[in-house]
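Throughout, protein chains are lettered first and strands after them, A, B, ... in sequence-line order, and every chain is numbered starting at 1.
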Protein chains: 2
Amino acid sequence: MNYDALKLKNQLCFPLYAVSKEVTRLYKPFLDPLNLTYTQYITMMVLWETDGLNVKALGEKLLLDSGTLTPLLKKLEAQGLITRNRSKDNERNVFIHLTDKGWNLRDEAVKVPEQLIRCLNVDPKDAETLYILLNKLLDTGICHTSHEE
Amino acid sequence: MNYDALKLKNQLCFPLYAVSKEVTRLYKPFLDPLNLTYTQYITMMVLWETDGLNVKALGEKLLLDSGTLTPLLKKLEAQGLITRNRSKDNERNVFIHLTDKGWNLRDEAVKVPEQLIRCLNVDPKDAETLYILLNKLLDTGICHTSHEE
DNA sequence: CACTATTTAATTGTACACAATTAAATAGTG
DNA sequence: CACTATTTAATTGTGTACAATTAAATAGTG
């Protein structure tokens, strides 16, 4: 039998997985001074853009579920960056709001993307192509249900 | 101040992170019958290609360290797919060898890549471009030390 | 209105992922 | 050879990820 399909070099998914991990690691020295992990950082990014989301809406934007978000949000709350309040209108919803400290952190965080780009040795044209292809995959390429026929 | 650099939509790294996670999730239904997680699967792939590596060499191919690999390899050993033997030549090295059961699993695993491609709705040309760009990043784009100047 | 179905967040359990440390073995050096 | 430095795997501790379940609240329906 021909096992070439199983060679690591022939996989698309392995470099995807590996690059993603390595890039996340690259963020660490820039995020450590902000006391944020990468996942906490992108969570704050969503809130800086749209404050006052509930856990479900946050999860839809980040593609994370409550099993990941609940403990993460508790840590951000413990740091005094956000508040978590169960809605009185509908007690199923927990709404997340930035505190003053959370808003202020934005001025530090705004430097991070450029710091990272400088660290990531990538041709701008390649970055643009990657951006387009990855978002195309996110929008239409990843079917959650095709195996359940 | 202009905070556009902090918008999730303007990030390259977020879709990278999100696509990687989603694709790993896509593998699950195809790997469950083999009793493998995604990380265990790519570890077996390396061994099917090059049996008898030590933990360090495995880690270099997979970009994983012993903190991840040691418990993972113990699970593969517990399943009877591999053996872990400390070398007598140099007792620092632990060499990993496939068992018969480990080799036999290859015939099941060989179906997985095609199953996944069918599930992943991606234009072959796009896949090719992604493959090239991601490997280019892996080879030259990710500097571990540039922030320590 | 009673009852079922759905929604939402939290919890539980398993499995990475990685930094930092540890411990043992080996290599290198004067 | 003695001693230090390096190498290798394992361990420890923290933080995701996610499937599956739970529990409470709310929506939908006859």
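- Closest approach of B/Val110 and A/Asn2 over heavy atoms only: CG2-O, 3.9 Å.
- Under 4.0 angstrom from either OP1 or OP2 of D/dA17 there lies at least one side-chain N or O belonging to B/Tyr17.
- By the neighbour-count criterion of 12 heavy atoms within 6.0 Å, atom CG of B/Asp32 is densely surrounded, having more than that number from other residues, nucleotides or ligands.
- Note on A/Thr39: only backbone sugar-phosphate atoms sit closer than 4.0 angstrom, heavy atoms only; bases stay farther off.
- Under the 3.5 Å distance criterion, the side-chain polar atoms of A/Gln11 are matched with a main-chain donor or acceptor of A/Lys7.
- What you find for B/Leu134 and A/Val19 is that their closest heavy atoms are O-CG2, 3.5 Å.
- One can place OH of B/Tyr38 at 9 Å from P of C/dA17, the figure rounded to the nearest angstrom.
- Judged by distance alone with a 3.5 Å cut-off, no donor-acceptor contact links the side chain of B/Thr37 to the base of C/dA15.
- Not one side-chain nitrogen or oxygen of A/Lys21 sits closer than 4.0 Å to the OP1 or OP2 atom of C/dA17.
- Rounded to whole angstrom, the span from the CD atom of B/Glu91 across to the P atom of D/dA9 amounts to 13 Å.
- Of the inter-residue distances, the one linking A/Leu98 atom CG with A/Trp103 atom CH2 reads 5.0 Å to the nearest 0.5 angstrom.
- A donor N or O paired with an acceptor N or O is not found under 3.5 Å between the base of C/dA9 and the side-chain atoms of A/Thr70.
- Going from atom OH of A/Tyr27 over to atom P of C/dA17 covers 19 Å, rounded to whole Å.
- Residue A/Lys75 is the one, among A/Arg92 and A/Lys75, whose nearest nucleotide of DNA chain D lies closer to the 5' end (criterion: closest heavy atom).
- At a threshold of 4.5 Å between side-chain heavy atoms, the hydrophobic network of Ile, Leu, Val, Met, Phe, Trp and Tyr places A/Leu36 and B/Leu8 in one connected group.
- In DNA chain C, the stems built from three or more successive Watson-Crick or G-U pairs (distances below 3.5 Å) are C:1-30 with D:1-30.
- Rounded to whole angstrom, the span from the CG atom of A/Leu62 across to the C1' atom of D/dC18 amounts to 15 Å.
- Nucleotide C/dT7 holds its P atom 14 Å from the CG atom of A/Asn54, rounded to whole Å.
- Among all heavy-atom pairs drawn from B/Trp48 and B/Gly102, the shortest one is NE1-O, 2.9 Å.
- Counting non-hydrogen atoms under 4.0 angstrom, B/Lys74 reaches the backbone sugars and phosphates but no base.
- For the pair A/Leu64 CG and C/dA9 C1', the interatomic distance rounds to 15 Å; values are reported in whole Å.
- The nearest heavy atom of DNA chain C to A/Leu69 and to B/Asp65 marks one nucleotide each, and the one closer to the 5' end goes with A/Leu69.
- Atom CG of A/Asp89 and atom C1' of D/dA24 are 17 Å apart (whole Å).
- Residue whose closest nucleotide on DNA chain D sits further toward the 5' end, between A/Asn90 and A/Leu63: A/Leu63.
- The phosphate of C/dT8 has neither OP1 nor OP2 within less than 4.0 Å of any side-chain N or O from A/Arg86.
- Within a 6.0 Å radius of NZ in B/Lys61, other residues, nucleotides and ligands contribute 12 heavy atoms or fewer.
- Atom CZ of A/Arg25 is separated from atom C1' of D/dT16 by 16 Å (rounded to the nearest Å).
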